[in-house]
Engineer: 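I have a structure I would like to understand better, so I am pasting it below and will then ask my questions one at a time.
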Amino acid sequence: MSISKKYEPSKTESKWYRYWLENKMFRSEVDPEKEPYTIIIPPPNVTGVLHMGHMLNNTIQDVLVRKARMEGKNACWVPGTDHASIATEAKVVGMLREKGIEKRSLSREAFLDYAWEWKEKYGGIILKQLQYLGASCDWDRTRFTMDGDMSDAVISVFVDLHKKGKIYRGIRMVNWDPQGKTAVSDDEVIFKEVNSKLYYIQYKIQDSDSESLTIATTRPETIMADVAICVNPRDSRFSHLVGKKAVIPLINRAIPIIADEYVDMEFGTGCLKITPAHDVNDYEIGLRHQLPVIDIINNDGTLNEKAEILIGEDRFVARKKIAEMLKEAGQLAKEEPYQSSVGHSERTDAVIEPKLSMQWFLSMEEITKPALKAVMDDVIQLYPAKFKNMYRSWMENVRDWCISRQLWWGHQIPAYYMPNGEYVVAKTKEEALEIANNKFGANYLLSDLKQDEDVLDTWFSSWLWPISVFDPGFFSSGQKNQDLKYYYPTNDLVTAPEILFFWVARMIIVGYEYMGEKPFRNVYLTGIVRDKLGRKMSKSLGNSPDPLALIETYGADGVRTGMLFSSPAGNDLPFDEKLVEQGRNFANKIWNAFRLVKGWEIDGTVSGQENQRAILWFESRYHQALTEIEDHFSKFRISDALMSIYKLVWDDFCSWYLEMVKPAYQHPIDPATHQRTLVFFEGVLKLLHPFMPFITEELWHEIKDREVSEALMLSPWPEAQEYDKKLIEEAQQVFEVVSQIRNIRTSKGISPKETLELTINTAGPEIYRCFEPVLKKLGNLNAIHFQERLEHAVGFIVRSDEFFLPIGQKIDLEKERENLIREIEYTKGFLLAVNKKLENEKFVQNAPEAVINTERKKQADALGKIQALEESLGKLGN
RNA sequence: GGGAGUUUAGCUCAGUUGGUUCAGAGCAUCUGCCUUACAAGCAGAGGGUCACUGGUUCGAAUCCAGUAACUCCCACCA
């Protein structure tokens with residue numbers, strides 16, 4: 001049969017994915033006989049689409065899972081999606097707006113109907129896309145954070161933590177996103193440098209005609225919420241004013257002048273206006289001085305009636321108008337340009353408004369302790385380890401976690417308010433009613449109870465993921481099912497460093513709080529996929545390639561390897577389509593190597609004696625590479641492992657081994673060599689499989705017909721064996737000779753087709769005798785002589801052996817002489833350095849013997865080499 | 001402002017406790033080849049003051065100190 005000259009991925013990929021799927025090869029079930037190997041997927045946003053970050057992330061997971069599966073472990077990769085409250089709700093709101101429907105015109109139920117409809121339509125697209133990549137997830141286990149039982153788990157945890165006193169409700173300054181109209185956690189605020197202005201505003205002193213104070217602020221629109229002016233107590237410029245009152249411009253409200261250490265005398269004018277409702281630090285000062293709070297900004301960022309002026313204006317419009325008004329009133333001393341960092345919402349990019357509001361919090365101080373210890377003690381290992389520092393500083397300075405969000409899409413907080421203003425927390429409304437009536441001796445009806453409007457932060461459900469995907473019921477029953485007992489703790493987690501705190505740390509917290517055990521052993525943190533210019537890939541920049549289009553062009557195997565070629569753990573991946581091209585070329589190389597072997601005609605009468613060395617050599621080399629690869633894997637150096645395989649396949653297998661055993665054109669091969677070659681081929685396919693699952697499975701079945709149970713993805717991973725180091729060394733030496741011969745051919749313009757005679761002058765001819773067939777074939781030699789040096793020939797030296805090729809008139813004597821002289825000079829220089837070292841008494845005294853011995857050997861080799869070179873030079877004649 | 005990390009070839013990165021000819025790999029580049037598996041290829045070649053300065057040592061890419069540049073994290077001075 002004839003196979004295509006080029007590998008065509010599209011013909012094989014869907015076929016094999018279906019084959020694996022239909023034969024349930026991704027499926028994992030509890031099997032006490034087998035060691036589990038578990039990865040939980042970082043659940044992507046349910047309505048998201050695959051981007052390059054997912055590709056990298058999931059390729060790594062698939063490599064790990066496939067290798068573990070081949071190693072005979074019960075590999076279980078659990079897929080699923082996350083409801084992503086803010087992002088999804090924003091998408092649904094946007095979709096409704098396009099239809100002309102405003103969210104606020106809908107009831108909660110109606111809105112959620114739309115949201116679910118949207119989820120049913122677009123949810124899970126991303127998981128389908130992962131299949132094109134070859135992801136070997138156990139799809140039967142697919143979970144969604146808002147599945148019924150998954151939601152129950154979230155509610156149970158909330159109720160439990162509340163009962164333990166770790167969840168509380170309180171008025172706090174939170175980060176308010178006026179566009180999303182919700183609070184967001186500290187971690188969801190991104191500070192950006194913004195060019196703004198510093199406004200110098202004059203406040204008159206009450207009961208004084210002449211005196212005034214000037215404050216500097218970036219937010220003039222908040223002066224109506226001022227409750228004090230603050231100076232540093234040591235600031236003599238203002239000490240006489242402390243205790244007096246200042247008057248807010250435009251609205252003429254008098255506020256006290258107070259003193260607090262917080263104020264920096266150097267900054268601005270040394271006077272600070274205190275606006276507790278709209279600045280975190282002012283709020284703290286306000287608490288210290290028992291100042292009132294005046295909140296003048298609505299949830300949507302407009303001014304309210306408490307502002308007295310500009311009611312209903314947006315905060316940024318109001319800022320400009322206030323500045324104008326102050327100028328007209330003569331109370332704006334000056335404005336100057338100012339650069340400051342301003343918090344933005346991660347999700348909507350709106351400028352965050354510090355806002356006081358009633359929110360739910362999780363007290364973090366106690367609950368984080370075991371999680372900190374686990375990572376510090378390397379019970380959980382971070383790769384790369386540099387993230388340990390970051391992790392520690394975060395965990396040591398962690399603040400209470402604001403877990404409520406003013407959204408509808410998500411898990412509604414199970415707190416129920418009674419007409420008397422009290423509330424109870426319970427799993428269901430019915431339970432709440434019972435508790436309420438018992439507690440307060442009341443006779444409330446179900447209809448009297450009103451559930452909290454807010455939902456929980458998305459991370460409050462995804463932090464349960466390593467447990468809930470196996471046993472969502474665990475959180476209410478406290479009983480572990482078989483799955484949970486067997487698969488937990490999981491092995492490796494592969495995710496982005498950006499969510500180390502959002503997600504990873506919190507899973508560890510929950511793991512210890514509820515299981516008393518780590519959720520995973522290793523955390524592999526990938527880098528960020530960037531474009532060639534080093535920019536993050538983003539939709540708005542349009543610099544992200546479409547992953548599915550890439551797969552279509554280069555094949556999934558090509559894309560997978562391309563992404564892994566240059567992405568060590570924790571390093572950003574500067575993505576270049578060239579990489580993927582390299583991956584595709586690699587697949588093609590493998591494909592063609594197979595075409596070669598497939599095309600061989602086998603003849604039992606041919607002797608394979610001459611291939612003996614080559615076979616022994618490759619076998620050793622294979623195990624050497626395998627040893628290296630295992631070492632890389634054990635350190636999570638995935639791209640290094642791939643590179644080792646790449647070189648084994650391309651250089652050692654294709655360029656050396658196959659060339660060594662390849663029969664001459666239209667000549668048959670002996671059965672033994674053929675058989676061994678197929679075994680080697682299978683051996684490299686196994687190593688390649690985790691990285692390139694499709695082409696390897698295809699060729700595996702091309703080699704011979706196999707039963708389902710014999711599929712490559714289920715075949716045993718090879719075990720590294722002892723290898724013959726000396727043989728590898730010797731082959732290396734022989735390869736050097738071959739390279740030198742080729743080099744001379746190139747430099748002298750001798751065609752590779754022209755046969756040559758090689759003369760070797762050596763004290764140890766055994767190596768070359770063993771490899772004689774190899775030397776002859778790869779050097780295209782018709783004879784090899786072992787004898788003294790040859791005159792009128794081009795010579796070269798490998799180690800301390802001399803080689804000569806008689807190439808007649810093509811020798812340029814002058815050039816040869818020059819080359820020899822240059823070589824002699826170089827070697828003499830080298831010898832000088834070695835001698836200097838050995839003559840140094842301190843060196844001989846202090847250096848370990850092994851080092852001294854190698855120096856002595858270098859000395860002897862160099863001497864021998866110089867002698868040989870000089871003799872050659874002499875033989876060249878004058 | 002506080003902390004961490006990085007700096008080795010044009011690019012992306014290896015380089016284990018200081019010691020083999022240690023200055024490496026892949027890609028890119030250059031030269032010659034369509035040599036019956038593969039031009040998505042083959043064969044060969046060039047390319048680095050290991051950021052800089054000083055120190056420790058018989059010996060430093062490797063250890064120490066300082067300097068510079070870049071990156072990230074945390075904080076958020078109006």
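All values below were derived from every heavy atom in this structure, side-chain atoms included, with hydrogens, water molecules and symmetry-related copies excluded. By convention in this document, chain letters (A, B, ...) are assigned in the order of the sequence lines, proteins followed by strands, and residues within each chain are numbered from 1. Here the structure is a predicted model, which means the values were calculated and not measured.
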Engineer: In terms of relative ring orientation, are A:Phe653 and A:Phe618 parallel, tilted or perpendicular, with 30° and 60° separating the classes?
Structural biologist: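 Taking A:Phe618 first and then A:Phe653, their aromatic rings sit tilted (interplane angle of 30° to 60°).
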Engineer: B:C42, OP1 or OP2 - any side-chain N/O from A:Trp650 closer than 4.0 Å?
Structural biologist: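 Affirmative; the distance criterion is met.
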Engineer: What is the distance from CG of A:Asn588 to P of B:C38, rounded to the nearest Å?
Structural biologist: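 Distance, rounded to whole Å: 10 Å.
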Engineer: OP1 or OP2 of B:A39 less than 4.0 angstrom from a side-chain nitrogen or oxygen of A:Lys6, does that happen here?
Structural biologist: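 So the side-chain polar atoms of A:Lys6 never come under 4.0 Å of the phosphate oxygens OP1 or OP2 of B:A39.
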Engineer: Less than 4.0 angstrom between a side-chain N/O of A:Asn571 and OP1 or OP2 of B:C13, yes or no?
Structural biologist: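 For A:Asn571, the contact criterion (side-chain N or O under 4.0 Å from OP1 or OP2 of B:C13) is met.
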Engineer: Could you state the CD1-C1' distance from A:Ile638 to B:G26, rounded to the nearest angstrom?
Structural biologist: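 After rounding, the reported distance stands at 18 Å.
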Engineer: Any idea which of B:G19, B:C38, B:A78 is nearest the A:Lys5 side chain?
Structural biologist: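 Looking only at side-chain atoms, A:Lys5 lies closest to B:C38.
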Engineer: Pick the C1' atom in B:U6 and in B:G15, then give their distance to the nearest Å.
Structural biologist: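 After rounding to an integer number of Å, I get 16 Å for this pair.
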Engineer: So, OP1 or OP2 of B:G41: does either fall under 4.0 Å of a side-chain N or O from A:Asn585?
Structural biologist: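 For B:G41, OP1 or OP2 has a side-chain N or O of A:Asn585 closer than 4.0 Å.
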Engineer: Can you measure A:Leu382 atom CG to B:C73 atom C1' for me and round it to whole angstrom units?
Structural biologist: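 To the nearest whole Å, that distance equals 14 Å.
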Engineer: Kindly indicate whether the side chain of A:Lys578 and the base of B:C27 share any N or O donor-acceptor pair separated by less than 3.5 Å?
Structural biologist: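 No.
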Engineer: In terms of side-chain heavy atoms of A:Glu659, which of B:A43, B:C38, B:G19 is nearest?
Structural biologist: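 Between B:A43, B:C38, B:G19, the one nearest the side chain of A:Glu659 would be B:C38.
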Engineer: Can you label the angle between the A:Phe680 ring and the A:Tyr657 ring as parallel, tilted or perpendicular, going by 30° and 60°?
Structural biologist: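 Correct class here is perpendicular.
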Engineer: Closest approach to the side chain of A:Met643, judged atom by atom: which nucleotide of B:G44, B:A25, B:C76 is it?
Structural biologist: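 Of all the options, the side chain of A:Met643 is nearest to B:A25.
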Engineer: Within this structure, what is the CG-to-P distance between A:Asn592 and B:C38, rounded to whole angstrom?
Structural biologist: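 Interatomic distance, CG of A:Asn592 to P of B:C38: 6 Å.
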Engineer: Which nucleotide wins on minimum distance to the side chain of A:Asn846, given the candidates B:A78, B:G44, B:C58?
Structural biologist: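 Closest nucleotide to the A:Asn846 side chain: B:C58.
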Engineer: Nearest whole Å is fine: how far is B:C73 C1' from A:Asp572 CG?
Structural biologist: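 Checked: the CG to C1' distance equals 14 Å.
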Engineer: Would you say the side-chain atoms of A:Arg745 pair up with the backbone N or O of A:Ser751, donor to acceptor, closer than 3.5 Å?
Structural biologist: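 It does hold such a pair.
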Engineer: Suppose we define a pair by two distances each less than 3.5 Å, Watson-Crick or G-U wobble; what does B:A9 pair with here?
Structural biologist: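 For B:A9, the partner nucleotide comes out as none, under the 3.5 Å rule.
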Engineer: Can you say whether a donor on the side chain of A:Ser393 sits under 3.5 Å from an acceptor on the base of B:C73, or the other way round?
Structural biologist: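 Between B:C73 and A:Ser393, which were checked side chain against base, a qualifying N/O pair under 3.5 Å is absent.
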Engineer: Is there a Watson-Crick or G-U wobble partner for B:G46 with both distances under 3.5 Å, and which nucleotide is it?
Structural biologist: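 Its partner is none (no Watson-Crick or G-U wobble pair with both distances under 3.5 Å).
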Engineer: Compare side-chain N and O positions of A:Lys589 against OP1 and OP2 of B:C42 and report whether any pair is under 4.0 Å apart.
Structural biologist: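 Yes, such a contact exists.
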Engineer: OP1 or OP2 of B:G15 less than 4.0 angstrom from a side-chain nitrogen or oxygen of A:Arg637, does that happen here?
Structural biologist: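 The answer is yes; a side-chain N or O of A:Arg637 sits under 4.0 Å from OP1 or OP2.
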Engineer: Does B:U35 have OP1 or OP2 sitting under 4.0 Å from an N or O in the side chain of A:Tyr665?
Structural biologist: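 No.
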Engineer: Does A:Glu581 form a salt bridge (Lys or Arg N to Asp or Glu O under 4.0 Å) with A:Lys578? I'd like the steps, not just the answer.
Structural biologist: CA-CA 5 Å; A:Glu581 202 177 301; A:Lys578 275 255 161 64; 6.0 Å; no
Engineer: Where the side chain of A:Leu596 is defined as all heavy atoms beyond and including C-beta, which of B:U35, B:A39, B:A37 is the nearest nucleotide?
Structural biologist: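 Given the options B:U35, B:A39, B:A37, the side chain of A:Leu596 is closest to B:A37.
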Engineer: Under 4.0 Å, counting only non-hydrogen atoms across every strand here, what does A:Trp600 touch: a base, just sugar-phosphate, or nothing?
Structural biologist: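 Nothing, no heavy atom under 4.0 Å.
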Engineer: When you check the phosphate oxygens OP1 and OP2 of B:G44, does a side-chain N or O of A:Arg742 lie under 4.0 Å from one of them?
Structural biologist: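 Looking at the OP1 and OP2 atoms of B:G44, one of them is under 4.0 Å from a side-chain N or O of A:Arg742.
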Engineer: So, is A:Tyr200 near the phosphate of B:A78, with a side-chain N or O under 4.0 Å from OP1 or OP2?
Structural biologist: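 No, no such contact exists.
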Engineer: On a whole-Å scale, what distance lies between the C1' atoms belonging to B:A45 and B:C58?
Structural biologist: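 These two C1' atoms come out 38 Å apart once rounded.
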Engineer: Between B:C73, B:A78, B:U35, which nucleotide has the shortest distance from any of its atoms to the side chain of A:Phe501?
Structural biologist: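 Side chain of A:Phe501 sits closest to B:C73.
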Engineer: Give me the distance, rounded to whole Å, that separates B:G46 from B:A61 when you measure between the P atoms they each carry.
Structural biologist: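 My reading of the P atoms in B:G46 and B:A61 gives 23 Å.
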Engineer: Establish, for the pair A:Lys334 and A:Tyr200, whether the NZ or CZ atom is under 6.0 angstrom from the six-membered ring centre and no further than 45 degrees off its axis.
Structural biologist: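 Ring-cation test returns yes.
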Engineer: Go ahead and name the base partner of B:C72; Watson-Crick or wobble counts if both distances stay under 3.5 Å, otherwise write none.
Structural biologist: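 B:G3 - that is the nucleotide pairing with B:C72, both distances being under 3.5 Å.
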Engineer: Verify the neighbour count for atom NZ of A:Lys388: are there more than 12 heavy atoms of other residues, nucleotides or ligands below 6.0 Å?
Structural biologist: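 Counting neighbours around NZ of A:Lys388, more than 12 heavy atoms of other residues, nucleotides or ligands fall under 6.0 Å, so yes.
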Engineer: In terms of relative ring orientation, are A:Trp600 and A:His674 parallel, tilted or perpendicular, with 30° and 60° separating the classes?
Structural biologist: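 Judged by the thresholds at 30° and 60°, the geometry between A:Trp600 and A:His674 is perpendicular.
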Engineer: Given B:G26, B:A14, B:A78, identify the nucleotide with an atom nearest to the side chain of A:Gln582.
Structural biologist: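 For A:Gln582, the side-chain atoms sit closest to B:G26.
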Engineer: In whole Å, what separates the P atom of B:U62 from that of B:A51?
Structural biologist: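 Straight-line distance between the two P atoms is 8 Å.
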Engineer: Nearest-Å distance, NZ (A:Lys536) to P (B:C72)?
Structural biologist: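 Going from A:Lys536 (NZ) to B:C72 (P), I get 10 Å.
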Engineer: Give a yes or no on this: more than 12 heavy atoms of other residues, nucleotides or ligands lie within 6.0 Å of atom CD of A:Glu266.
Structural biologist: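 Open: at most 12 neighbouring heavy atoms sit under 6.0 Å from CD of A:Glu266.
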Engineer: Could you state the atom-to-atom distance from CZ of A:Phe565 to C1' of B:U12 in whole Å?
Structural biologist: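 After rounding, the reported distance stands at 12 Å.
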Engineer: OP1, OP2 of B:G44 versus side-chain N and O of A:Ser739: anything below 4.0 Å?
Structural biologist: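 Checking B:G44 against A:Ser739, a side-chain N or O does come within under 4.0 Å of OP1 or OP2.
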Engineer: If you only use heavy atoms from C-beta on, which nucleotide in B:C76, B:A25, B:A37 is closest to the side chain of A:Ser341?
Structural biologist: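 Within the option list, the nearest is B:C76.
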Engineer: Using a cut-off of 4.0 Å on non-hydrogen atoms, how would the nucleic acid contact of A:Tyr338 be classed: base, sugar-phosphate, or nothing?
Structural biologist: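 Sugar-phosphate: the residue A:Tyr338, judged by heavy atoms under 4.0 Å, touches backbone atoms but no base.
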Engineer: Can you check the A:Leu658 CG to B:A43 P distance for me, whole Å?
Structural biologist: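 Result: 12 Å.
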Engineer: Report yes if a side-chain nitrogen or oxygen of A:Lys273 is closer than 4.0 Å to either non-bridging phosphate oxygen (OP1 or OP2) of B:A78; otherwise report no.
Structural biologist: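 No.
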